[in-house]
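Written out below as structure tokens is the structure these notes cover.
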2 protein chains.
Amino acid sequence: MSIQEREKIVASERPKTVTLAEVAAKAGVSKMTVSKVLREVGNISEETRQRVRQAAQELGYLPNSLAGTLSSRRSRIVAVIIPSISDIVYAEVLSGVNAMLRPSGFQTFIGESQFDPTVEADLIRAMLSFQPAGLLLNGGMARSADAEALLARRNCPAIQLWDCDRNALDFSAGPSHEEAGRLVAKHFFDRGLRRIAYVGAELDKDLNARRRHIALKSSLVAADIDLVSVTCEDKPRQAVTGRFLTEQLMRMHPEIDGIHFLNDAMALGGLSYLHQAGLPVPERISVVGFNGTSLANAVRTRLTTIDVPRTEIGEKAAQALLRMTKAEPMPDFWQARLEMVQGNTTLAI
Amino acid sequence: MSIQEREKIVASERPKTVTLAEVAAKAGVSKMTVSKVLREVGNISEETRQRVRQAAQELGYLPNSLAGTLSSRRSRIVAVIIPSISDIVYAEVLSGVNAMLRPSGFQTFIGESQFDPTVEADLIRAMLSFQPAGLLLNGGMARSADAEALLARRNCPAIQLWDCDRNALDFSAGPSHEEAGRLVAKHFFDRGLRRIAYVGAELDKDLNARRRHIALKSSLVAADIDLVSVTCEDKPRQAVTGRFLTEQLMRMHPEIDGIHFLNDAMALGGLSYLHQAGLPVPERISVVGFNGTSLANAVRTRLTTIDVPRTEIGEKAAQALLRMTKAEPMPDFWQARLEMVQGNTTLAI
DNA sequence: TTGCGTAAAGTTATCGATAACATAATGCTG
DNA sequence: CAGCATTATGTTATCGATAACTTTACGCAA
């Protein structure tokens, strides 16, 4: 008999769940006493404690959090909705959230909206039905009327991630995307570049990226410089798209000497084309990405980018949530510090 | 008054939750009728349906899934515990799981064990307390006695991810790591290489990686070839470590002409050193990574690696879980197909 | 017209815990 | 030693839903 077969049998004759009442019976006390002992509240004699703990141990008691939460109306679930789980950028924020919440006994519920407001609204509904202690949402998305209505009816704090420029919720943690756009403009100014382009994708979905784009454009316009934008809405925000669009850009505007990309992945794709086309970076053309994701996986990179403290964003958001559940006072937002990281000129891998 | 201030007031005077009973009162029917209408079960006249739906709509009724699950003992929560959220490899599996489960109305609960068996056991306990419909665990970890005991008491199916070589649970979905090790050996054999090294980190935590390592070694030994292994347990499995260890390796064993790395990130770090040291890849030395993660973000890479269908692993695991909840028959495991991807020799970015 | 099957709605018990209050036993003060 | 605070434990009601059964009303065949 294989391991699988053996276990499948076990699975069919699943052990029945042990409840508080059974532990109470075994320990010879009331359910309430057991509950108090296990939650470590109230006054229970040391001797009873021991008996109860022993009984719980022997029966293999596992509390039912659903019942507990329902009864106490105090939840330890935190719902997080991010655009994409497999995008390292959001995953790292999530990691920060998790790291901060777990020691306090909170569990994270995760939803993936894929930048779709309809999906987001569905997720908010599903999440709220679990009576979470808090809701963490991504700021850079259009929100459906449905979602707004659900949020208005929420009875838990809601926090916005990734964006501190504007916020209709209780707290926001993230960078200022307007500042990011200005930083990029300054980078080009400092180098005396005046033929600037922007390359991005799916800007209709990602409002944060759109705001960076607009801020860059405004800063340039203020200096009487025009911004050439090459974007497309139906291709992924990945390296391949960055490469493709950069090729298009350079064919149509060979004079360009500075490009800002929506993110690092697209920028790396762009670098790839520029290298192949014999346009040295940064001598002939300057390239700026966004996120600082290229830094983590490469030992050295020639990509200049704006590093965003992603894990810290998650941590700050989670901290704020913890404070709010304790009704402690706190500010309305936390602004993440952006850091422009100069790429070195060593060969990139 | 700022947006934040306005919302904070709203937050303090939170809307009280609307229950089934209130909807029932408004619609002039019993709670049960409302419950049946909203779940679309039983025989309810069209006219009543309309009245109930309207009442629910107007009151902004949101079901309480905790109460529902407690009462019906049928959960739509699926618990997933992975070693790291921000490691793209696990995040992509998660994405596959999510994509498959959401259409069926399941919600994913996520835990991050950080390769720590103690943390994993704690998470299993926490997850089980939410009465999940299923549990997805990572296969490549040592499991604590505590965790084993909890799993034995589970009353839901449990599935193992990332590993189909052995399984003590109900189903497993993943590659054979032994096959992966053999594939790498074959790759070196085919090129007539005989001075082979392995570079890895944290092998004490990642049993899957350890099994690949052992399989590689066995295959080589069978061909009378020795494997030089350079590993360390206290550095991250990242590019920097790969670079550092490769440098050590090549100083001590300059004759090496083939290296297998624990993962792509470390391999890229290794490539970086080899390039700097003037050792052309693959002419002078052959490099093989693992995972195929380098493929996603780069337009072209010189890294040879074994591609693993991560999203598919998640999908298959989720599918199996869905089947098991319906008590449908199914095999014990799904073996992911591994694909050796040859790096091209174009300059990598 | 009787009897029975089905449609449509309601009643009661329950899921597994916790809150809030009640009670019993103890200790301590004046 | 009465009286009261404190400690230790138990009782009852409740959280918000669903399962399982019951009741009522109606239609139609014999």
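Numbered from 1 within each chain, the chains take letters A, B, ... in sequence-line order.
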Do the non-hydrogen side-chain atoms of Glu312(A) and Trp334(A) ever get within less than 4.5 Å of each other?
yes
Short side-chain to backbone donor-acceptor contact, Arg76(A) and Ser104(A), under 3.5 Å
yes
Need to verify one output field. Residue with the more 5' nearest nucleotide on DNA chain C, Gly28(B) or Arg73(B)?
Gly28(B)
Do side-chain atoms of Arg125(B) reach the backbone of Leu62(A) as a donor and acceptor pair under 3.5 angstrom?
no
Please report the interatomic distance CG(Leu66(A)) to OG1(Thr69(B)), rounded to the nearest 0.5 Å.
5.5 Å
Arg53(A), Glu47(A), Glu46(A), Gln54(A) screened by side-chain hydrogen bond (donor to acceptor under 3.5 Å, both in side chains) with Gln50(A), the one that passes:
Glu46(A)
Hey, which sits more toward the 5' end of DNA chain C by its nearest nucleotide, Leu20(A) or Lys36(A)?
Leu20(A)
Could you label the plane-to-plane angle of the Phe109(A) and Phe109(B) rings as parallel, tilted or perpendicular, counting under 30° as parallel and over 60° as perpendicular?
tilted
With side chains defined as the heavy atoms from C-beta onward, is the minimum distance between Asp163(B) and Ser172(B) less than 4.5 Å?
no
With a cut-off of 6.0 Å (strictly less than), are more than 12 heavy atoms of other residues, nucleotides or ligands near CD of Gln57(B)?
no
Between Met32(B) and Leu66(B), the residue closer to the 5' end of DNA chain D by nearest nucleotide is Leu66(B)
First contact, last contact: which nucleotides of DNA chain D are these for chain B, 5' to 3', heavy-atom distance under 4.0 Å?
dG16(D) to dA20(D)
Considering only heavy atoms, which members of residues 39-61 of chain A lie under 4.0 Å from some atom of DNA chain C?
Arg39(A), Tyr61(A)
